[in-house]
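Structure first, then comments.
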Number of protein chains: 2
Amino acid sequence: MDTAERLIAGMQELLWERGYVGTSPRAIQQRADVGQGSMYHHFTGKPDLAGAAIRRSAADLRALASAELDGPGSAFDRIAAYLRRDRDVLRGCRVGRLTQDPDVVATPELRAPLEETLGWLRERLAGLLAEGIAAGEFARDLDPDDVARTLVAVVQGGYVLARAADDPDEFRRAVNGALALLAAARSE
Amino acid sequence: MDTAERLIAGMQELLWERGYVGTSPRAIQQRADVGQGSMYHHFTGKPDLAGAAIRRSAADLRALASAELDGPGSAFDRIAAYLRRDRDVLRGCRVGRLTQDPDVVATPELRAPLEETLGWLRERLAGLLAEGIAAGEFARDLDPDDVARTLVAVVQGGYVLARAADDPDEFRRAVNGALALLAAARSE
DNA sequence: GTCTATATGATGATAGAC
DNA sequence: GTCTATCATCATATAGAC
């Protein structure tokens with residue numbers, strides 16, 4: 001991995017662990033094993049490097065989610081597979097986490113990948129729900145766009161519960177509750 | 001309001017806006033209009049003051065939530081009233097926000113109020129759900145403890161979606177989806 | 001492309017006078 | 001209880017040599 005790639009990968013890790021304000025150029029350089037001048041050769045500064053790292057993390061999230069969303073089975077099965085995917089729950093979400101950073105949401109180039117990624121995820125889930133409704137799997141009065149937002153929120157909020165309790169099981173139980181409710185909305 | 005109270009109130013605001021790592025003693029002193037030495041007279045340092053502020057914010061959240069949870073109507077009505085409560089959505093949750101701060105979750109005295117508060121909220125919602133099941137309002141096979149976690153997660157995650165999109169309506173739609181699913185789990 | 005030196009301001013406090 | 005030094009360290013770079 002070359003220098004620029006190591007800087008991006010190191011910044012991705014630190015943003016995930018400590019957020020934007022909590023991550024210093026010094027820490028990035030140590031994590032990437034790169035010298036002071038080298039970082040400023042490849043990027044204009046912290047916001048520039050953060051932008052590259054956030055876009056990379058957004059792409060990583062899409063790739064991971066696609067694996068389950070594009071999988072086999074009914075709409076319900078694929079949604080369940082996505083929600084129950086094996087996660088390092090206590091680390092939180094590499095993308096959602098950044099919404100808590102005031103400097104990130106205040107900077108359009110840094111916030112845009114967050115909006116696009118969570119929007120993409122919501123649309124994928126809404127598509128599956130709409131498929132399920134069309135196939136008679138779910139009740140026809142379900143609003144796929146609203147429920148898709150609910151499911152994304154359960155994942156993001158599940159991380160919050162788990163970190164507050166220092167217990168990954170909180171995430172799993174929040175997801176179980178959501179799937180139980182979704183099962184109740186099956187047609188018939 | 002005396003000096004110590006102004007410090008606590010200022011710290012509460014800053015923790016809500018910028019989190020723990022993003023909040024400096026200097027910023028606190030300016031917000032509270034209090035001098036350098038004065039802050040260190042009342043509190044041993046930033047963690048001490050943060051502890052007092054977090055416990056206060058936790059109490060504030062409980063008081064606000066109780067208003068709707070203790071209100072009139074059926075279990076479903078009271079849950080809906082809580083979820084639809086008027087919120088300054090883009091500010092996020094004063095308590096849940098802190099779960100993203102590595103220094104907070106790593107410090108037992110700072111994490112404890114988060115766990116207690118979200119645990120309290122979950123228990124209140126689980127109690128309402130159990131009431132609703134006993135009254136024949138919800139299906140008997142619903143697990144109140146899991147679904148209560150789902151509802152708390154929808155609120156916490158709804159803030160994430162809204163901040164990512166810079167649009168409070170994302171929160172409202174996530175909540176609408178959750179209530180639609182809960183309505184589908186009504187008995188009969 | 002990478003390295004070392006240098007710089008300004010902020011961070012998180014402590015000391016001691018008033 | 002509050003105020004004004006003072007302090008070591010870190011944050012976020014810029015400059016210029018190699």
Side-chain angles (χ1 to χ4, degrees), chain A residues 1-56 97-98 100-111, chain B residues 1-56 97-98 100-111:
Chain A
M1 202 161 45
D2 72 8
T3 306
E5 285 299 312
R6 284 211 310 286
L7 283 164
I8 291 176
M11 184 57 138
Q12 284 186 269
E13 288 177 18
L14 286 164
L15 286 175
W16 197 352
E17 290 166 23
R18 310 198 40 83
Y20 183 79
V21 283
T23 296
S24 67
R26 167 184 257 256
I28 301 158
Q29 292 149 24
Q30 284 174 355
R31 182 75 59 119
D33 195 26
V34 154
Q36 184 91 328
S38 205
M39 174 182 142
Y40 286 100
H41 172 75
H42 292 283
F43 298 94
T44 66
K46 178 174 154 176
D48 183 31
L49 174 51
I54 293 175
R55 287 191 299 276
R56 185 69 62 88
R97 196 240 175 277
L98 299 168
Q100 300 307 313
D101 222 306
D103 294 359
V104 170
V105 295
T107 308
E109 309 86 64
L110 299 182
R111 186 178 63 78
Chain B
M1 202 161 44
D2 70 9
T3 305
E5 286 299 313
R6 284 211 311 284
L7 282 165
I8 291 175
M11 186 55 141
Q12 284 185 267
E13 288 176 19
L14 285 164
L15 286 176
W16 197 351
E17 290 165 24
R18 309 199 40 84
Y20 183 79
V21 282
T23 296
S24 66
R26 166 184 257 258
I28 301 158
Q29 292 150 23
Q30 285 173 354
R31 182 74 60 120
D33 196 26
V34 154
Q36 185 93 326
S38 204
M39 174 183 141
Y40 286 100
H41 172 75
H42 292 283
F43 298 95
T44 66
K46 176 173 155 176
D48 185 32
L49 174 51
I54 292 174
R55 287 191 299 277
R56 186 70 61 89
R97 196 242 175 276
L98 299 168
Q100 300 307 313
D101 222 305
D103 294 358
V104 170
V105 295
T107 308
E109 309 85 63
L110 299 182
R111 186 177 63 78

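Residue numbers begin at 1 in each chain, while the letters A, B, ... track the order of the sequences. Keep in mind that the numbers below use all heavy atoms, side chains included, and drop hydrogens, waters and symmetry copies.
The interatomic distance linking A:Tyr20 (OH) with D:dA11 (C1') rounds to 12 Å, in whole Å. Rounded to an integer number of Å, the gap from CZ of A:Arg26 to P of C:dG9 is 20 Å. Across the protein-nucleic acid pair, A:Leu49 atom CG and D:dA11 atom C1' stand 15 Å apart, rounded to whole Å. What separates CD of B:Glu5 from P of D:dG1 is a distance of 13 Å, to the nearest Å. Rounding to whole angstrom units, CD of residue B:Gln30 and C1' of C:dG12 are separated by 14 Å. The CG atom of A:Asp48 sits 12 Å away from the P atom of D:dT14 (whole-angstrom rounding). In this structure, CD1 of B:Ile28 is placed 12 Å from C1' of C:dA13, rounded to the nearest angstrom. When rounded to the nearest whole Å, the span between CD of B:Gln29 and C1' of C:dT14 equals 13 Å.
Taking CZ of A:Arg6 as the start and CD1 of A:Ile28 as the end, the distance is 14.0 Å to the nearest 0.5 Å.
Out of C:dG12, D:dT14, D:dA11, the shortest distance to the side chain of A:Tyr40 is found at D:dT14. Candidate nucleotides D:dA11, C:dT11, C:dA13 were compared by shortest atom distance to the side chain of B:Ser24, and C:dT11 ranks first.
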Could you walk me through whether A:Tyr20 and A:Leu110 satisfy the side chain to side chain contact (heavy atoms under 4.5 Å, CB included) test, starting with their C-alpha distance in whole Å, then the side-chain angles of each, then the deciding distance to 0.1 Å, before giving a yes or no? CA-CA 10 Å; A:Tyr20 183 79; A:Leu110 299 182; 4.3 Å; yes
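Within the 3.5 Å criterion, the main-chain N or O of B:Ala9 finds no donor-acceptor partner in the side chain of B:Arg56. Looking at A:Arg18, its side chain never comes within 3.5 Å of a backbone N or O of A:Thr23 through a donor-acceptor pair. Checked by atom type and distance alone, the side chain of A:Arg97 pairs as donor or acceptor with a backbone atom of B:Gln100 at under 3.5 Å.
The closest side-chain heavy-atom distance from A:Lys46 to A:Met11 is below 4.5 Å.
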Detail all sub-3.5 Å separations between protein N/O atoms and N/O atoms belonging to nucleotides 2-5 of chain C.
from, atom 1, to, atom 2, distance (Å)
C:dT2, OP1, A:Thr3, OG1, 2.8
C:dT2, OP2, A:Ser38, OG, 2.8
C:dT2, OP2, A:His42, NE2, 2.9
C:dT2, O5', A:Ser38, OG, 3.3
C:dC3, OP2, A:Gly35, N, 3.4

